[in-house]
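The residues of the chain are indexed from 1 along the displayed sequence. We use all heavy atoms of the structure for the numbers below, so side chains are in, but hydrogens, waters and symmetry mates are not. Being a predicted model, the structure only gives us computed values, none of them experimental.
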Amino acid sequence: MTLVLLGAFSFAGTWLNIPRVAMLEHTARNLYFHVPMWFAMMALTALSAVHAIQCLRTNNPVSDIRSSTAALVAIVFGLLGLATGSMWARFTWYEGTNIWWNFDPKQSMAAVQVLIYGAYFALRGALDDPIKRARIAAVYNIFAFVTVPFLLYVLPRQLESLHPGAEGNPAFSDITDPIMRVVFYPAVIGFIGLGWLLYTQRVRLSRASATLQSILGKNL
């Protein structure tokens, strides 16, 4: 279902006629990819935090696996969001230059958000005891999730930015013509579904790996 939805929105996003917005032109189609990737990341960080809380409550190693896996997939979507955002900026705001990054507040805070979750895995790698690692990482994970709405939404809206709705740029509603919303909203659902698919497959792989290591450990 997720793959069908992604295929349908990719086809419609490529061929459906869209209104021409100054400066954006056809690059506005990146809206179907860039923004849904961030929605997918936020959904996965929420999922990761829920399992982190569950891990603290129950000490269940499966909750730790689910929490860390959701955070890992969230980072992947965050990196893709940064890459598509940088490319979008290069061919709109910085057309005719070699600039790919200018430390726009929203860009920078999104990068900080990804680094915070990157530090989560650095922390996990520094702890050998699995029980201590799971509990300390769970506490950090909850802290990381609390920063998500502030770094991705609240703080950037308080600062000058080249993103939609600021500094004379068209507002988000101006580049989401009704015909584009037909593609955009299914794209959001599709990317969140893709994140869920990657998450569940990765959890299965991690649990199978943990079971195999347990069996091999008993036989040694």
Side-chain angles (χ1 to χ4, degrees), residues 1-19 21 24 26-54 63 65-89 92 106-107 109-111 113-114 116-117 141 144-154 156-157 163-165 170-206:
M1 180 63 184
T2 296
L3 296 178
V4 170
L5 197 59
L6 286 173
F9 101 75
S10 296
F11 179 82
T14 302
W15 296 107
L16 203 63
N17 195 29
I18 62 172
V21 177
L24 295 178
H26 280 289
T27 69
R29 297 179 192 276
N30 192 31
L31 177 76
Y32 305 142
F33 300 88
H34 176 64
V35 179
M37 287 173 182
W38 288 112
F39 275 108
M41 179 190 178
M42 288 187 280
L44 286 159
T45 56
L47 179 65
S48 182
V50 167
H51 285 297
I53 294 171
Q54 190 69 7
S63 295
I65 290 175
R66 288 175 174 161
S67 181
S68 61
T69 301
L72 179 63
V73 181
I75 287 179
V76 172
F77 279 99
L79 291 173
L80 290 173
L82 288 175
T84 53
S86 179
M87 291 177 63
W88 204 357
T92 52
K106 203 160 192 173
Q107 280 183 314
M109 291 188 186
Q113 188 68 76
V114 173
I116 287 175
Y117 275 93
N141 193 315
F145 177 66
V146 170
T147 67
V148 171
F150 293 98
L151 290 176
L152 297 186
Y153 185 75
V154 177
R157 292 181 67 87
H163 275 78
F172 188 76
S173 57
D174 293 336
I175 61 173
T176 51
D177 184 86
I179 194 65
M180 294 186 71
R181 295 173 193 175
V182 171
V183 180
F184 174 73
Y185 292 120
V188 171
I189 297 171
F191 271 102
I192 292 175
L194 178 62
W196 175 259
L197 182 66
L198 295 173
Y199 159 76
T200 53
Q201 296 307 308
R202 178 71 187 183
V203 167
R204 289 178 181 176
L205 181 63
S206 297

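A distance of 9.5 Å separates CD1 of Ile192 from CZ of Phe77, quoted to the nearest 0.5 Å. Atom-to-atom distance recorded for Phe33:CZ and Leu80:CG is 11.5 Å, nearest 0.5 angstrom. Separation of atoms CZ (Phe145) and CG (Leu44) is listed at 11.0 Å; rounding is to 0.5 Å.
Closest non-hydrogen pair, Tyr117 versus Met41, comes out as CD1-CE, 4.3 Å. Smallest separation of non-hydrogen atoms from Tyr32 and Phe191: O-CE1, 3.6 Å. Residues Leu152 and Ala110 come closest through the heavy atom pair CD2-CA, 3.8 Å. Nearest heavy atom pair, residue Pro36 against residue Phe184, reads CD-CE1, 4.0 Å.
Counting only residues at least two apart or on different chains, the side-chain hydrogen bond (donor to acceptor under 3.5 Å, both in side chains) pairs with a member in residues 37-49 are Ser48-Ser67, Ser48-Asn141. Identified under the side-chain hydrogen bond (donor to acceptor under 3.5 Å, both in side chains) test for residues 68-80, with sequence neighbours left out: none.
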Could you give the side-chain donor-acceptor pairs of residues 195-206 under 3.5 Å, partners two or more places apart or in another chain?
unit_1, atom_1, unit_2, atom_2, d
Tyr199, OH, His51, NE2, 3.3
Thr200, OG1, Trp196, O, 3.1
Thr200, OG1, Leu197, O, 2.9
Ser206, OG, Arg202, O, 3.0

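For Ile116, the side-chain contact (heavy atoms from CB on, under 4.5 Å) partners two or more places apart in sequence, or in a different chain, are Val112, Gln113, Tyr140, Ala144, Thr147, Leu151. Residues passing the side-chain hydrogen bond (donor to acceptor under 3.5 Å, both in side chains) test with Gln107, sequence neighbours excluded: none. Residues satisfying the side-chain contact (heavy atoms from CB on, under 4.5 Å) criterion with Ala111, sequence neighbours excluded, are Leu82, Trp101.
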